[in-house]
Undergrad: 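Can you keep this structure in mind? I'll have questions shortly.
Counting starts at 1 for both ligands and their atoms, following the listed order.
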Amino acid sequence: MPVPDGLDDNGFPISSAATSSFADDFYRSGIDWSSLRAAPAPSEDSGPKENSGGLLVQRSLYQAWGIQKPARREEAGVEVGVGGGAGASSASPATSGSWPGRKRRRGGEVEAGAERKPLACPFYKKIPGTPFTVDAFRYGAVEGSRAYFLSHFHHDHYGGLTKKWCHGPIYCTDLTARLVKMCLSVNSEYICPMELDKEYLIEGVAVTLLEANHCPGAAVIHFRLGDGKTYLHTGDFRASKSMQLHPLLQRGHINLLYLDTTYCNPKYKFPPKADVIDFVVRTAQRYLLKEPKTLIVVGAYSIGKENVYLAISQALEVPIYTDASRRRILHSFGWSNLSKRICSCNQSSSLHVLPLSSVRHEVCK
Ligand SMILES: [Zn+2]
């Protein structure tokens with residue numbers, strides 16, 4: 001089938017904005033696929049073996065979704081962005097190629113004053129061979145979709161979801177479900193909470209949510225289709241040893257991996273979360289020893305960083321001050337060790353949690 005209207009050759013929605021956006025810059029800068037390596041084959045003997053894993057191959061995305069690669073459209077008023085390199089549809093190993101330059105229509109998609117067309121759902125938000133989409137709420141009713149999965153409650157993933165939602169059931173973790181209901185007032189008849197590590201049969205597909213090690217409620221989604229194929233959609237996640245050792249990922253082959261990452265490059269090497277939290281706590285303690293009146297400020301999105309400020313609160317034995325809207329969200333988690341440390345008086349704590357946008361020196365003085 002041809003690429004649907006409103007999408008560029010790479011399957012990204014064609015933007016009408018004339019200015020460069022983060023997404024434009026990100027896709028133009030490309031991805032270093034050489035950083036992905038296949039795991040070594042398991043060996044029978046117990047002796048050490050050289051890592052014999054080869055490079056992972058980026059398979060043809062168009063092939064996976066059954067989309068026919070479109071002809072080039074330079075003649076039709078399409079300009080090619082800076083960059084380029086190995087194509088996303090290349091079936092041969094891509095060693096250090098870039099994502100192809102994103103293409104934009106000259107002059108924008110919609111004339112000023114004209115009625116705005118709804119965005120088309122990009123192909124990579126659909127799970128092939130299923131009536132499922134993941135994190136696709138900006139596109140109204142997606143053709144062929146009968147179940148809408150939400151990986152976690154961050155705006156760049158739930159964007160478009162409002163109390164007017166009526167396009168189908170939304171599957172997510174129990175904690176995310178509570179936030180969708182509480183913060184967005186989505187009708188609960190559309191919300192389908194799922195337990196982590198429990199297999200559900202949805203539209204004939206076995207679906208299991210795994211802990212994503214990202215924000216509270218975030219899940220990696222494992223799909224096992226009727227024909228035995230398995231797909232893994234990571235959403236936002238932080239890889240860890242325990243994730244790698246999950247029985248579902250240990251015993252099975254993954255046919256298709258949806259890797260949602262900003263950091264697919266070896267230059268980004270993050271320490272384990274526990275080490276980062278330990279470093280933050282020790283730094284806070286050191287400053288307080290030098291200057292006992294130091295105010296410790298943690299900037300956070302509406303959710304995320306809870307484990308960081310909870311650890312500071314426990315180590316320094318101070319309550320956590322934050323505003324009423326975040327207090328409501330944090331209490332909804334049902335984490336008693338967090339709830340009991342939250343206070344509503346900013347004078348009674350030297351640990352304040354603020355929206356990330358407020359963490360500026362002028363505000364914190
Ligand atoms: Zn996120």
Undergrad: Please confirm whether Phe132 and Tyr231 have ring centers closer than 6.0 angstrom.
TA: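 Distance test on ring centres: not under 6.0 Å, no.
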Undergrad: Would you kindly check if the NZ (Lys) or CZ (Arg) of Lys290 is within the cone defined by 45 degrees around the ring axis of Tyr287 and under 6.0 Å from the six-membered ring centre?
TA: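 Yes, Lys290 sits over the ring of Tyr287.
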Undergrad: Please find out if less than 6.0 Å separates the ring center of Tyr158 from that of Phe137.
TA: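 When the ring centroids of Tyr158 and Phe137 are compared, they turn out to be at least 6.0 Å apart.
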Undergrad: Ignoring water, what protein N, O or S atoms are under 2.8 Å from the Zn ion (ligand 1)?
TA: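 Protein N, O or S atoms closer than 2.8 Å to the Zn ion (ligand 1): His152 NE2, His154 ND1, His214 NE2, Asp236 OD2.
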Undergrad: Kindly indicate whether the side chain of Ile296, heavy atoms from C-beta on, has any atom under 4.5 Å from the side chain of Leu288.
TA: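 Yes - at least one pair of side-chain heavy atoms lies under 4.5 Å apart.
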Undergrad: Quick one, His222 and Ile254 - any side-chain contact, counting heavy atoms below 4.5 Å?
TA: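 Yes - at least one pair of side-chain heavy atoms lies under 4.5 Å apart.
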Undergrad: Tell me which pairs pass side-chain hydrogen bond (donor to acceptor under 3.5 Å, both in side chains) where either residue lies in residues 306-319, with sequence neighbours left out.
TA: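 For residues 306-319: Ser313-Arg341.
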